[in-house]
Asks: 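Questions regarding the structure given below will be posed in turn.
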Amino acid sequence: MSGVATVGAAVAEAAAVLGEAREVTLLAHVDPDADALGSALALGIALRRRGARVQVAFASPDRVPESLRPLDALGLLVAPAEVSGAPEVLVSCDAAEPRRLGSLGRLLDTAACTVMLDHHATNPGFGDVQVLDPGAEATVVIVHRVLVEMGAPIDADVARCLYAGLVTDTRGFRTAGPAAYRLAAELVEAGADPATLTRSLMDCHPFAWFGGLAGALGRAVLEPSGLLHTTIPLADVRRYRSEEIDSVVDVLRTAVEAEVVASVMQIEERRWRVSLRSAGRVDVAVVATALGGGGHAMAAGFTRDGTEQEVLAAIRAALTTE
Ligand code: AMP
Ligand code: MN
Ligand code: MN
């Protein structure tokens, strides 16, 4: 069977399971982005409208990123502690592996059935129904296929969630293929407003952040190998929204000299979350996987304990062997 046929069969199976489900818990990965939460909420809204009991959750952090809150049109998001212990159907959205579900990964053992929806090439496969399509630009593309297969209407609330994941994971359609552009047109017709969504999701920061950004850029180092890195200290990670902290890597990647960029964010005294981006020659998913994370060839990440210098040394070593 070809890869496409396999994904198609999995989409049909996922639609059959979800079409029957009366109680569904949908999970986004930790530190949720618009693709993870947009996928979970789009599917959650559609299932709720069909009469299912629906919960949407993610394990950490304990607040919903401000820019993603408007996507929860029906108030489906619940705190991890409120998630029912043994859901009838569990859906994992945009998580490249069970560990990306954080503490809520325990539900994989208690749910009667787990549907995994993802597009990371590094995903080893988990769950009873696995819809894994590394060719999809975003997990919302897969969610859209499932909704179409279910015959679920794409209303404005669903369309906004899907558009949010599509526009962010393709960095404003820079990496989108023709089908993704067609999907975008469909979503705009259904009521997603690109200007409003992109402004809040990608193009707005509090003025106070400019000081934090100036610091991050001032600390940036370009090594002869083509590795460009900067560090964001714990004080800044705590002071600014995740939207601001996560956006640093998108500025770094504009350096023409850089082959690989790394934004090294201090999330605890000795714990670092690292975002990697490639200019094209290096597969950073391989690098991130070697360091305990995963992702895509051009965008990947990992979390690692140690000192800042140890984390940087590990990145240099992994780049040498990639
Ligand atoms: P980020 O740098 O956080 O925007 O992540 C870039 C890409 O790598 C996204 O597709 C993430 O889902 C993926 N990613 C980040 N961290 C990890 C991790 N620890 N394990 C697997 N995938 C990751
Ligand atoms: Mn994601
Ligand atoms: Mn994604």
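Atoms within a ligand are numbered from 1 in the order they appear, just like the ligands themselves. Count residues from 1 along the sequence. Only heavy atoms go into these numbers, but all of them, side chains included; no hydrogens, no water, no symmetry mates.
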Asks: Report, in ascending order of atom number, the atoms of ligand 1 lying under 4.0 Å from any heavy atom of Gly295.
Replies: 8 (O), 13 (C), 22 (N)
Asks: Within the structure, does His29 bring an N/O atom to less than 3.5 angstrom of an N/O atom in ligand 1?
Replies: no
Asks: Can we say Asp250 and Arg171 salt-bridge, meaning some charged N sits less than 4.0 Å from an Asp/Glu carboxylate O?
Replies: no
Asks: Could you tell me whether the side chains of His119 and Asp133 share a donor-acceptor contact shorter than 3.5 Å?
Replies: no
Asks: Look at Arg241 together with Glu244 and state whether they make a salt bridge at an N to O cut-off of under 4.0 Å.
Replies: yes
Asks: Between the side chains of Arg160 and Asp157, is the shortest nitrogen-to-carboxylate-oxygen separation below 4.0 Å, so that they form an ion pair?
Replies: yes
Asks: Heavy-atom count check: over 12 atoms from other residues, nucleotides or ligands less than 6.0 Å from Arg219 CZ?
Replies: yes
Asks: Considering heavy atoms of the protein only, find what lies nearest to atom 8 (O) of ligand 1 and give residue, atom and distance to 0.1 Å.
Replies: Ala300 CA, 3.2 Å
Asks: Decide whether His296 and Asp283 meet the rule of one side-chain donor and one side-chain acceptor closer than 3.5 Å.
Replies: no
Asks: Hey, are Arg316 and Glu223 close enough for a salt bridge, meaning a charged N less than 4.0 Å from a carboxylate O?
Replies: yes
Asks: Regarding atom 3 (O) of ligand 1: of the candidates Ala36, Gly301, Ser275, Ala262, which has the closest heavy atom?
Replies: Ser275
Asks: Does Arg99 have a non-hydrogen atom less than 4.0 Å from ligand 1?
Replies: no
Asks: Should Leu27 and Val91 count as side-chain neighbours, where that means a heavy-atom distance under 4.5 Å?
Replies: no
Asks: Is it true that, when you exclude Arg99 itself, more than 12 heavy atoms of the residues, nucleotides or ligands shown sit nearer than 6.0 Å to its CZ?
Replies: no
Asks: List the closest protein heavy-atom neighbour of atom 21 (C) of ligand 1: residue, atom name, distance to the nearest 0.1 Å.
Replies: Gly294 N, 3.3 Å
Asks: Could you list the atoms of ligand 1 found under 4.0 angstrom from a heavy atom of His296?
Replies: 10 (O)
Asks: Please give me the protein atoms (N, O or S only) lying under 2.8 Å from the Mn ion (ligand 3), ordered by chain and number.
Replies: Asp35 OD2, Asp94 OD1, His119 NE2, Asp169 OD2
Asks: Indicate yes or no: does an N/O atom of Arg277 lie under 3.5 Å from an N/O atom of ligand 1?
Replies: yes
Asks: Using a strict cut-off of less than 4.0 Å between a Lys/Arg side-chain nitrogen and an Asp/Glu carboxylate oxygen, indicate whether Arg270 and Asp305 qualify as a salt bridge.
Replies: no
Asks: For His120 and ligand 1, does the shortest N/O to N/O distance drop below 3.5 Å?
Replies: yes
Asks: Can you name the atoms of ligand 1, numbered from 1 with element, that are less than 4.0 Å from a heavy atom of Arg273?
Replies: 3 (O)
Asks: Any donor-acceptor pair under 3.5 Å linking the side-chain atoms of Thr175 with those of Glu137?
Replies: no
Asks: Please determine whether the number of non-hydrogen atoms from other residues, nucleotides or ligands lying under 6.0 Å from atom CD of Glu20 exceeds 12.
Replies: no
Asks: For atom 7 (C) of ligand 1, which protein heavy atom lies nearest, and how many Å away is it?
Replies: Ala299 O, 3.4 Å
Asks: Does an N or O anywhere in Gly293 fall below 3.5 Å from an N or O of ligand 1?
Replies: no
